[in-house]
Amino acid sequence: MVRKYTDKELLDKVQELESFTEFPKGYWILAVRSKADKPNKFDDKFYIYKGTDFVTVTTGTTNPGLSILKGGWKKYNKKGAAVIKSNEWYYDIYKYGLHRGKMEALRQRSSKPILYYRDGDNDSKSEELGKVYSGVIYTNFHGSTYRKGSLLERDNIHGWSAGCCVCNINREYESIIQLLKDSKQKYFTMCLIKEF
């Protein structure tokens, strides 16, 4: 699990990234990818900020699940599972919508490419190796159940992420999505960093 940080530590860190231009004025997501990267476990964190003000934090994953890494990627792409490139800002990457037409979520915008790797070695680790791709592959921000109102707290990723950012505690996820939806904000930024 990602260690605890102060707001200053996190905000100082994201300002050091080459892709940083400014802090978004509205709500945005700071995703922290765990150093441990335990296979198939939700061991990352998502911090929600409004400008530079901390709002809330929840757990989840920025990595594909084991069923995807072990060959399930073949039904999505011939080169490997998508792994979002970390230590990058993705400004206005998301808009409110539905994931697979079933779940309220933040969807990658069709005009906003994301940077990612393709992990096709069929082991249990999600790796940032090889060529960096840029494209719209609909790596969304979503939950881990289609049952709205569920109190599910999922431990294992399995097929819930094929490269998406996925929250595992449903009540916290739904609270975040409702907040973002109610804000009437048009677009949402994500910054993804590695645990430091």
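Counting from 1, the numbers follow the sequence of the chain as shown.
For Lys85, the NZ atom is densely surrounded, since the number of other residues' heavy atoms within 6.0 Å is greater than 12. Heavy-atom contacts from other residues, nucleotides or ligands closer than 6.0 Å to NZ of Lys194 number 12 or fewer. Atom NZ of Lys148 has 12 or fewer neighbouring heavy atoms from other residues, nucleotides or ligands inside a 6.0 Å radius. Within a 6.0 Å radius of CD in Glu16, other residues, nucleotides and ligands contribute more than 12 heavy atoms.
Glu88 CD to Leu192 CG: the interatomic distance, rounded to the nearest 0.5 Å, is 9.0 Å. Atom CD1 in Ile176 sits 12.0 Å away from atom CD in Gln178 (nearest 0.5 Å). A distance of 5.5 Å separates CG of Asn40 from CD1 of Ile157, quoted to the nearest 0.5 Å. Distance CE/Met103 to CG/Asn170: 7.5 Å, rounded to 0.5 Å. Taking CG of Leu151 as the start and CD of Glu174 as the end, the distance is 9.0 Å to the nearest 0.5 Å. Note that CD1 of Ile93 is 11.0 Å distant from CG of Leu106, once rounded to the nearest 0.5 Å.
Considering only heavy atoms from C-beta on, Lys125 comes within 4.5 Å of Pro39 through its side chain. When side chains are defined from C-beta on, Lys79 does not count as touching Trp73, because their heavy atoms never get closer than 4.5 Å. Between Ile29 and Ile48, the closest side-chain pair of non-hydrogen atoms falls below 4.5 Å. In this structure, Cys191 and Leu17 have side chains that are in contact, with non-hydrogen atoms separated by less than 4.5 Å. In this structure, the side chains of Ser126 and Leu69 come closer than 4.5 Å at one or more pairs of heavy atoms. Looking at heavy atoms from C-beta onward, Thr62 lies out of side-chain contact with Ser86 at the 4.5 angstrom threshold.
Closest approach of Leu115 to Ser134, counting heavy atoms only: CD2-CB, 3.7 Å. When all heavy atoms of Gly163 and Ile84 are compared, the closest pair comes out as O-CD1, 3.5 Å. The two atoms that bring Thr145 and Ser150 nearest to each other are CG2-CB, 4.1 Å, heavy atoms only. Taking all atoms of both residues into account, the shortest heavy-atom contact from Cys165 to Met190 is SG-SD, 3.7 Å. Here the closest heavy-atom approach between residue Arg154 and residue Phe42 is recorded as O-CD1, 3.5 Å. Closest of all the heavy-atom pairs between Arg118 and Asn77 is NH2-ND2, 3.3 Å.
The aromatic ring centres of Phe141 and Phe46 sit less than 6.0 Å apart. Aromatic ring centres of Tyr90 and Trp28: separated by at least 6.0 Å.
The hydrophobic clustering, which links ILVMFWY residues whose side-chain heavy atoms are closer than 4.5 Å, places Tyr91 and Ile114 apart. Cluster membership for Val2 and Val83, using ILVMFWY side-chain heavy atoms within less than 4.5 angstrom, is not shared. Transitive grouping of hydrophobic side chains (ILVMFWY, heavy atoms separated by less than 4.5 Å) keeps Tyr47 and Tyr27 in distinct clusters. Linking ILVMFWY side-chain heavy atoms closer than 4.5 Å, directly or via other members, places Leu66 and Trp160 in two distinct hydrophobic clusters. By the criterion of side-chain heavy atoms lying less than 4.5 angstrom apart, applied directly or through intervening Ile, Leu, Val, Met, Phe, Trp or Tyr residues, Tyr5 is grouped together with Tyr49 in one hydrophobic cluster.
Checked by atom type and distance alone, the side chain of Ser183 pairs as donor or acceptor with a backbone atom of Leu180 at under 3.5 Å. Lys112 places no side-chain N or O within donor-acceptor distance of the main-chain N or O of Asp92, the cut-off being under 3.5 Å. Using a distance-only test at 3.5 Å, with no hydrogens or angles considered, no donor-acceptor pair links the side chain of Tyr133 to the main chain of Ala82. Between the side chain of Trp89 and the backbone N or O of Val14, at least one donor-acceptor pair lies under 3.5 Å. Asn156 places no side-chain N or O within 3.5 Å of a backbone atom of His158 that could act as its donor or acceptor partner. At distances below 3.5 Å, at least one donor-acceptor pair connects side-chain atoms of Ser161 with backbone N or O atoms of Asn63. Using modelled atom types, one side-chain atom of Asp43 and one backbone atom of Lys38 make a donor-acceptor pair closer than 3.5 Å.
A cation-pi arrangement, defined by a distance under 6.0 Å to the six-membered ring centre and an angle within 45 degrees of its axis, is present between Arg3 and Phe196.
Just one residue in the list Arg100, Gln108, His99 forms a side-chain hydrogen bond (donor to acceptor under 3.5 Å, both in side chains) with Asn140, and that residue is His99. Between Arg107 and the options Phe188, Tyr138, Tyr94, a side chain to side chain contact (heavy atoms under 4.5 Å, CB included) holds for only Tyr138.
Taking a cutoff of 4.0 Å between a charged side-chain nitrogen and a carboxylate oxygen, Lys45 and Glu195 do not qualify as a salt bridge.
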**Q.** Evaluation steps, side-chain contact (heavy atoms from CB on, under 4.5 Å), between Tyr117 and Glu127
**A.** CA-CA 8 Å; Tyr117 298 87; Glu127 294 144 332; over 6 Å; no
Q.
Checking Asp119 against Leu129 for the side-chain contact (heavy atoms from CB on, under 4.5 Å) test, could you report, in this order, the C-alpha distance in whole Å, the side-chain angles of both residues, the deciding distance, and whether it holds?
A. CA-CA 7 Å; Asp119 184 340; Leu129 298 172; over 6 Å; no
Q) Passes side-chain contact (heavy atoms from CB on, under 4.5 Å), Glu128 versus Arg33? Steps please. A) CA-CA 12 Å; Glu128 295 185 62; Arg33 181 174 281 158; 2.8 Å; yes
(Q) Quick one, Phe23 with Leu11, criterion side-chain contact (heavy atoms from CB on, under 4.5 Å). Give me CA distance, side-chain angles, the key distance, then yes/no. (A) CA-CA 9 Å; Phe23 285 110; Leu11 296 176; 3.6 Å; yes
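Residues Tyr96 and Glu104 bring a donor and an acceptor atom of their side chains to less than 3.5 Å of each other. Thr59 and Asn168 share a donor-acceptor pair across their side chains, judged by distance under 3.5 Å alone.
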